[in-house]
Amino acid sequence: MIPTLLPTYARAPMSFVKGEGSWLVEADGRRFLDLGAGIAVNALGHAHPALVAALTEQAGALWHTSNLYQIPKQQELADKLTELTFADTVFFTNSGTEACELAVKMARKYWYEKGQPEKTDILTFSGSFHGRSSAGIAAAGSEKMTKGFGPLLPGFVHLEFGDHDALTAVITETTGAILIEPVQGEGGMRPVPDQCLKGLRDLCDERGLLLIFDEVQCGVGRTGKLFAHEWAGISPDIMMVAKGIGGGFPIGAVLASEEAASGMTLGTHGSTYGGNPLGCAVGCAVLDHVADPAFLDGVNRKAGLLRQKLEGLVAAHPDVFEGVRGSGLMLGLKCKAANVDIVQAGYAQQILTVPAADNVIRLLPPLTIEDSEIAEAVERLEAAARQLSAA
Ligand SMILES: *Cc1c(COP(=O)(O)O)cnc(C)c1O
């Protein structure tokens with residue numbers, strides 16, 4: 001008999017009932033150090049007082065009105081985001097993959113309105129992840145995500161990650177945009193080098209293409225800048241955001257320049273819930289914390305500390321680990337043992353990590369993690385590695 005929950009997830013056998021900062025409390029009382037943060041979502045940890053206050057205050061006043069009316073909190077969050085980024089305009093969604101849907105629609109509509117409706121193709125890269133909607137899986141294109149779900153949305157051209165020659169060769173008069181994660185998350189914590197992001201920007205400028213960044217996982221302070229592409233000193237035309245922006249409340253966004261957004265006129269897109277007062281109240285509170293330069297300095301300092309300790313861990317356990325990769329507090333341990341076994345061994349040590357492709361385990365702690373918790377985390381990973389070596 002089919003379980004009453006559709007069996008699409010391989011869930012670990014823990015049921016958490018409470019969260020406090022970097023910790024999750026299991027129903028049986030055990031405390032787990034959370035280095036997954038709900039897959040880079042709980043940017044300010046669990047039950048951050050400012051987020052609890054923002055949500056409960058809004059919950060007591062008004063939950064939902066739809067986009068038939070003005071939503072002051074939505075306007076406030078859009079103003080903050082445009083103030084802090086390259087973007088001139090924002091559309092709010094409820095998730096990352098809905099942001100992907102709009103990014104694709106926006107790029108195609110842009111060329112349509114420019115009188116070049118043939119420019120529908122979007123270049124994407126192996127190992128990428130853009131969510132599980134029909135556009136998201138077609139964009140990523142991996143067999144694992146797309147098999148059996150055809151016919152897929154056409155118009156995506158898939159390239160090998162890092163293959164510069166293929167990239168320039170494949171651009172034709174039907175190419176409209178390039179879509180890329182500045183740091184691949186699901187694909188195994190693979191940063192795109194700054195000079196390559198710059199190169200992509202130059203290429204898009206030369207060939208007249210839109211550059212779309214998917215910062216759903218690497219954005220909102222995760223790499224030590226508010227958005228990861230800032231390290232390269234360039235900007236996209238369109239950017240997808242979700243995960244961290246809601247700190248655990250479901251909200252996503254598409255940010256765009258005025259030019260790139262110019263096709264999205266009255267009536268061309270919509271969402272019942274998108275930009276709902278609850279999500280936007282929380283989003284404003286998250287941004288107020290994360291966009292503070294002192295907060296981002298702290299992320300960079302903590303990232304250095306964690307990375308240094310992880311290098312030590314890898315050196316001490318060359319039979320289990322191969323290396324450290326990633327950016328900021330978006331770090332990956334490339335494994336020699338099976339990544340899922342290490343994640344599993346971590347559960348016994350009451351530490352939570354997340355597997356990724358390429359036999360990597362992801363470390364995505366709350367950006368608020370304390371130094372003592374970083375030390376504790378690496379001790380627990382060390383214990384997990386010892387346990388695996390002994391087995
Ligand atoms: C998680 C993720 C998505 C999809 O977000 P959902 O909220 O799960 O739909 C898209 N892109 C990237 C880079 C992600 O990490």
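Counting convention: from 1, in listed order, for ligands and their atoms alike. Residue numbers run from 1 in the order of the sequence given.
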Do K336 and V320 have side-chain heavy atoms sitting under 4.5 Å apart? no
| said: Has R201 got a side-chain atom pairing as donor or acceptor with S235's backbone, closer than 3.5 angstrom? | reply: yes
Under 4.0 Å between heavy atoms, the region of H130 that gets near ligand 1 turns out to be backbone
A student checking ligand 1 against E181 at a 4.0 Å heavy-atom cut-off should list atoms 13 (C)
**Prompt:** Among the clusters formed by ILVMFWY side chains lying less than 4.5 Å apart, do V90 and L226 turn up in the same one?
**Reply:** yes
At under 4.0 Å between heavy atoms, what of Q184 touches ligand 1? The answer is neither
May I ask you to check if ligand 1 and E98 share an N or O to N or O distance below 3.5 Å? no
Does any N or O of ligand 1 fall below 3.5 Å from an N or O anywhere on T97, backbone included? yes
heavy-atom search around atom 11 (N) of ligand 1 in the protein gives D214 OD2, 2.7 Å
Problem - Side-chain donor/acceptor of E373 to backbone N/O of L33, under 3.5 Å - result: no
closest protein heavy atom to atom 2 (C) of ligand 1 is K243 NZ, 2.6 Å
Among G96, P182, A356, G185, the residue with a heavy atom nearest to atom 7 (O) of ligand 1 is G96
Are the side chains of L381 and L363 in touch, meaning some heavy atoms are under 4.5 Å apart?
yes
Report task. Please answer whether the main-chain N or O of G275 pairs with a side-chain N or O of Q74 as donor and acceptor at a distance below 3.5 Å. Result -> yes
| Any N or O of F129 closer than 3.5 Å to N or O of ligand 1 | yes
Numbered in order shown, the ligand 1 atoms found under 4.0 Å of a heavy atom of S95 are 7 (O), 9 (O)
With heavy atoms and a 4.0 Å threshold, my read on which part of A242 contacts ligand 1 is neither
Between the side chain of R31 and the main-chain N/O of V25, is any donor-acceptor distance below 3.5 Å? no
Closest to atom 4 (C) of ligand 1 among protein heavy atoms sits G131 CA, 3.5 Å
Q: Step through the shown structure and confirm whether more than 12 heavy atoms of other residues, nucleotides or ligands are within 6.0 Å of CD on E311.
A: yes
